[in-house]
Amino acid sequence: MLEKVLRFAERLIPKKLYRFGQPAYHSFLALAGALLYRFPSRKLKVIAVTGTKGKSTTTEFVNAILEAAGEKTALLNTIRFKVADTSRPNKFKMTVPGRFFVQKFLRGAIHAGCTWVVLEMSSEAVRQFRHMWIALDGLIFTNLAPEHIESHGSFEKYRDAKLKIARAVARSSKKNTVIVANADDPSGELFLNVLATRTLSYRLSDASPYETRADGSTFTFHGHGMSLHIPGEFNIMNALGAATFAESQNIPLQKIHAGLSNVTEVRGRVEYVREGQSFDVIVDYAHTPESLEALYKAFPNVHKIGLLGNTGGGRDTWKRPVMAGIAEKYCDEIILTNEDPYDEDPKAILDEMRAGMKDKNTLTVIFDRRAAIHEALLRAKRSPDKALVLITGKGTDPYIMGPRGSKTPWDDATVVREELKKINI
């Protein structure tokens with residue numbers, strides 16, 4: 001009831017006044033939620049994960065390791081909300097839902113008998129103070145690349161929003177707090193310089209020797225062999241972050257190995273869609289130049305059909321030609337399609353992407369995303385070489401966002417399965 005009153009009040013406040021009072025307003029909501037649900041994070045162990053790429057996968061790895069160690073867990077990330085044995089998709093199109101959602105979620109975790117909560121934490125959530133009044137036990141920092149520049153104002157402000165989570169760990173009322181940071185990332189040192197009880201770093205070299213294949217990866221962690229069902233060097237890095245945190249909690253290496261091995265897939269993150277077809281189809285969230293290139297590089301020596309758009313009309317417009325150029329570099333065939341135009345003209349978005357490509361002969365533009373997926377699958381079926389279809393940009397996003405707040409229910413993997421049936425695989 002209180003949330004409905006607040007939403008109604010927002011509509012009555014003039015926009016300029018609302019923007020001026022936004023920090024105080026969101027700060028008040030964070031405190032109100034904590035008070036209403038009686039500061040539940042104080043009775044739980046809470047680990048947050050932040051960064052630009054790999055947050056959701058890292059939270060899934062951490063959750064699986066904790067479960068393998070016998071802990072009852074709750075998990076909140078871009079993909080799903082899980083409390084103990086109950087899981088449901090995150091359909092909010094935001095990593096950390098606002099208002100009182102997180103505090104209610106934490107209270108529910110207590111009622112379910114959970115001991116640990118794993119939270120994916122975004123910079124947008126920090127900008128709206130949704131991280132406040134959550135007593136953190138630790139933080140894992142994955143990496144940092146330009147994103148959400150329009151909303152934050154600069155890369156530095158975007159980075160500082162992430163650092164506020166580290167500072168929240170340093171101020172936490174919890175004992176034995178820990179910050180785990182990717183030391184291969186240029187921003188990693190900034191997180192390691194925040195004064196938590198402990199700071200631990202990890203690097204890709206820590207995984208040596210390692211190998212990544214189309215069906216997974218193997219790597220070494222402190223002399224112990226680890227295996228993943230998910231391919232890509234970037235996923236080895238995600239696993240290293242999770243494993244380094246787990247070791248800080250005195251979880252045995254055997255349990256760490258078991259937890260990582262238990263993750264057979266992460267929905268929308270290098271997610272294979274298998275319906276008995278003769279070619280491979282992967283759905284992946286890859287929405288930054290770095291993540292798109294890392295995904296393509298994970299599958300060398302195969303005929304790649306790349307289907308992509310550009311996540312979020314009205315934001316990060318700089319990356320449109322860059323991502324199209326990356327697709328041209330690594331893919332044999334490219335289909336540009338609609339993604340989440342919001343109030344922008346989809347044609348204008350794709351025209352900006354086309355500008356980043358030198359050779360337009362490999363390019364097809366199909367605005368209807370379902371029709372584009374259908375065409376990609378047909379091409380793979382007809383390809384004389386074994387083909388791989390890589391459908392990127394949305395992952396598990398539950399809607400295609402259109403003008404004036406319109407949204408069309410959507411799920412890339414579900415649409416792929418429907419279209420595979422139509423081409424008589």
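Note that the coordinates shown come from a computational prediction; the quantities given were computed from them, not determined experimentally. Just the heavy atoms: all of them, side chains too, but no hydrogens, waters or symmetry mates, feed the values below.
- Distance alone, capped at 3.5 Å, places no donor-acceptor pair between the Asn63 side chain and the Thr59 backbone.
- Of the N and O atoms on the side chains of Ser227 and His257, at least one donor lies less than 3.5 Å from an acceptor on the other residue.
- Side-chain N/O atoms of Thr288 and Ser291 include a donor and acceptor closer than 3.5 Å.
- Between Ser217 and Thr212, the shortest heavy-atom distance links the atoms OG-OG1, 2.9 Å.
- Within the 4.5 Å cutoff, the side chain of Arg107 has heavy atoms near those of the His111 side chain.
- A side-chain N or O of Thr115 and one of Glu71 form a donor-acceptor pair less than 3.5 Å apart.
- Annotation: side chain of Met226 is not in contact with side chain of Ile236 (no heavy-atom distance under 4.5 Å).
- Side-chain atoms of His224 and Gln254 form no donor-acceptor pair, as typed in the model, at a separation below 3.5 Å.
- Salt bridge annotation for Glu344-Arg320: present, with a cationic side-chain nitrogen under 4.0 angstrom from a carboxylate oxygen.
- Judged by distance alone, with hydrogens and angles left aside, the side-chain atoms of Asp316 form no donor-acceptor pair with the main-chain N or O of Lys319 at under 3.5 Å.
- Side chain to side chain, Arg80 and Ser87 meet the donor-acceptor criterion of an N or O pair below 3.5 Å.
- Side-chain polar atoms of Thr408 and Arg369 form no donor-acceptor pair below 3.5 angstrom.
- For the residue pair Glu120 and Thr78, a side-chain donor N or O sits within less than 3.5 Å of a side-chain acceptor on the partner.
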With side chain to side chain contact (heavy atoms under 4.5 Å, CB included) as the test, would you mind laying out the steps for Val49 and Leu139 before giving the verdict? CA-CA 6 Å; Val49 178; Leu139 172 69; 5.8 Å; no

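- Using a cutoff of 4.0 Å between basic side-chain nitrogens and carboxylate oxygens, Asp411 and Arg417 are not scored as salt-bridged.
- Inter-residue side-chain proximity for Lys329 and Glu293 is flagged as met; some heavy-atom pair is nearer than 4.5 Å.
- With rounding to the nearest 0.5 angstrom, the CD1 atom of Ile165 is 12.0 Å from the CD1 atom of Ile140.
- What you find for Ala242 and Phe61 is that their closest heavy atoms are CB-CB, 3.6 Å.
- Note on Glu419 versus Arg370: salt bridge recorded, some NZ/NE/NH1/NH2 to OD/OE distance being below 4.0 Å.
- Nearest heavy atom pair, residue Leu240 against residue Ala207, reads CD1-CB, 3.9 Å.
- A salt bridge between Lys422 and Glu418 is absent, with no side-chain N of the basic residue lying under 4.0 Å from a carboxylate O of the acidic one.
- Shortest non-hydrogen contact noted between Ala109 and Leu44 is CB-CD1, 4.2 Å.
- Contact of the Asp412 side chain with the Trp410 side chain is registered, since non-hydrogen atoms from C-beta on lie closer than 4.5 Å.
- Each of Lys82, Lys55, Glu60 was scored for a side chain to side chain donor-acceptor pair (under 3.5 Å) with Asn77, with one residue passing: Glu60.
- With Thr177 as the fixed residue, the side-chain contact (heavy atoms from CB on, under 4.5 Å) test singles out one of Thr199, Thr197, Leu195: Thr197.
- In the displayed structure, Asp85 atom CG is contacted under 6.0 Å by at most 12 heavy atoms of other residues, nucleotides or ligands.
- Side-chain contact between Val83 and Phe105: present, with at least one pair of heavy atoms (C-beta onward) separated by less than 4.5 Å.
- Here the CZ-NZ distance, from Arg269 to Lys53, works out to 13.5 Å after rounding to the nearest 0.5 Å.
- Counting only distance, with no hydrogens or angles, the side chain of Lys381 and the backbone of Ile423 share a donor-acceptor pair below 3.5 Å.
- Under the 3.5 Å distance criterion, the side-chain polar atoms of Lys394 are matched with a main-chain donor or acceptor of Tyr399.
- Between the CD1 atom of Ile349 and the CG atom of Leu336 there is a distance of 11.5 Å, given to the nearest 0.5 Å.
- To the nearest 0.5 Å, atom CG of residue Leu228 and atom OH of residue Tyr210 are 13.0 Å apart.
- Using a distance-only test at 3.5 Å, with no hydrogens or angles considered, a donor-acceptor pair links the side chain of Glu339 to the main chain of Gly309.
- Counting heavy atoms from C-beta outward, Thr364 and Arg379 have side chains that approach closer than 4.5 Å.
- Side-chain contact between Val365 and Arg354 is present, with heavy atoms from C-beta onward closer than 4.5 Å.
- In this structure a side-chain-to-backbone donor-acceptor pair under 3.5 Å is present from Asp332 to Lys304.
- Considering CG of Leu308 and NE2 of His287, their distance stands at 13.5 Å, rounded to 0.5 Å.
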Check step by step if side chain to side chain contact (heavy atoms under 4.5 Å, CB included) holds for Thr58 and Met237. CA-CA 9 Å; Thr58 302; Met237 287 299 288; over 6 Å; no

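- Formation of a donor-acceptor pair under 3.5 Å by the Gln249 side chain with backbone atoms of Ile251 is not found in this model.
- Looking at Glu156 and Arg159, no side-chain N of the basic residue comes within less than 4.0 Å of a carboxylate O on the acidic one, giving no salt bridge.
- For Lys43, the NZ atom is loosely surrounded, since the number of other residues' heavy atoms within 6.0 Å does not exceed 12.
- Ring planes of Phe141 and Phe191: parallel class, angle under 30° (limits at 30 and 60°).
- Nearest heavy atom pair, residue Pro209 against residue Thr220, reads O-OG1, 3.2 Å.
- Without hydrogens or angle criteria, His229 side chain to Ser261 main chain gives a donor-acceptor distance under 3.5 Å.
- Closest approach of Ala145 and Tyr158 over heavy atoms only: O-CE2, 3.1 Å.
- Trp116 and Phe245 have their aromatic ring centers within a separation under 6.0 angstrom.
- In terms of modelled atom types and a separation under 3.5 Å, the side chain of Glu328 and the main chain of Gly325 share no donor-acceptor contact.
- For Lys174 and Asp137, the salt-bridge test passes: some basic side-chain N is under 4.0 Å from an acidic carboxylate O.
- Looking only at distances, a side-chain donor or acceptor of Arg203 sits under 3.5 Å from a matching main-chain atom of Ala183.
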Tell me, with the steps shown, if Trp133 and Leu35 meet side chain to side chain contact (heavy atoms under 4.5 Å, CB included). CA-CA 9 Å; Trp133 304 106; Leu35 285 167; over 6 Å; no

Output, in order, the C-alpha distance, side-chain angles, deciding distance and verdict of side chain to side chain contact (heavy atoms under 4.5 Å, CB included) for Val270 and Phe234. CA-CA 11 Å; Val270 200; Phe234 52 94; 3.9 Å; yes

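- Side-chain contact check for Leu420 versus Phe279: some heavy-atom pair is nearer than 4.5 Å.
- Note that CZ of Phe101 is 10.0 Å distant from CG of Leu106, once rounded to the nearest 0.5 Å.
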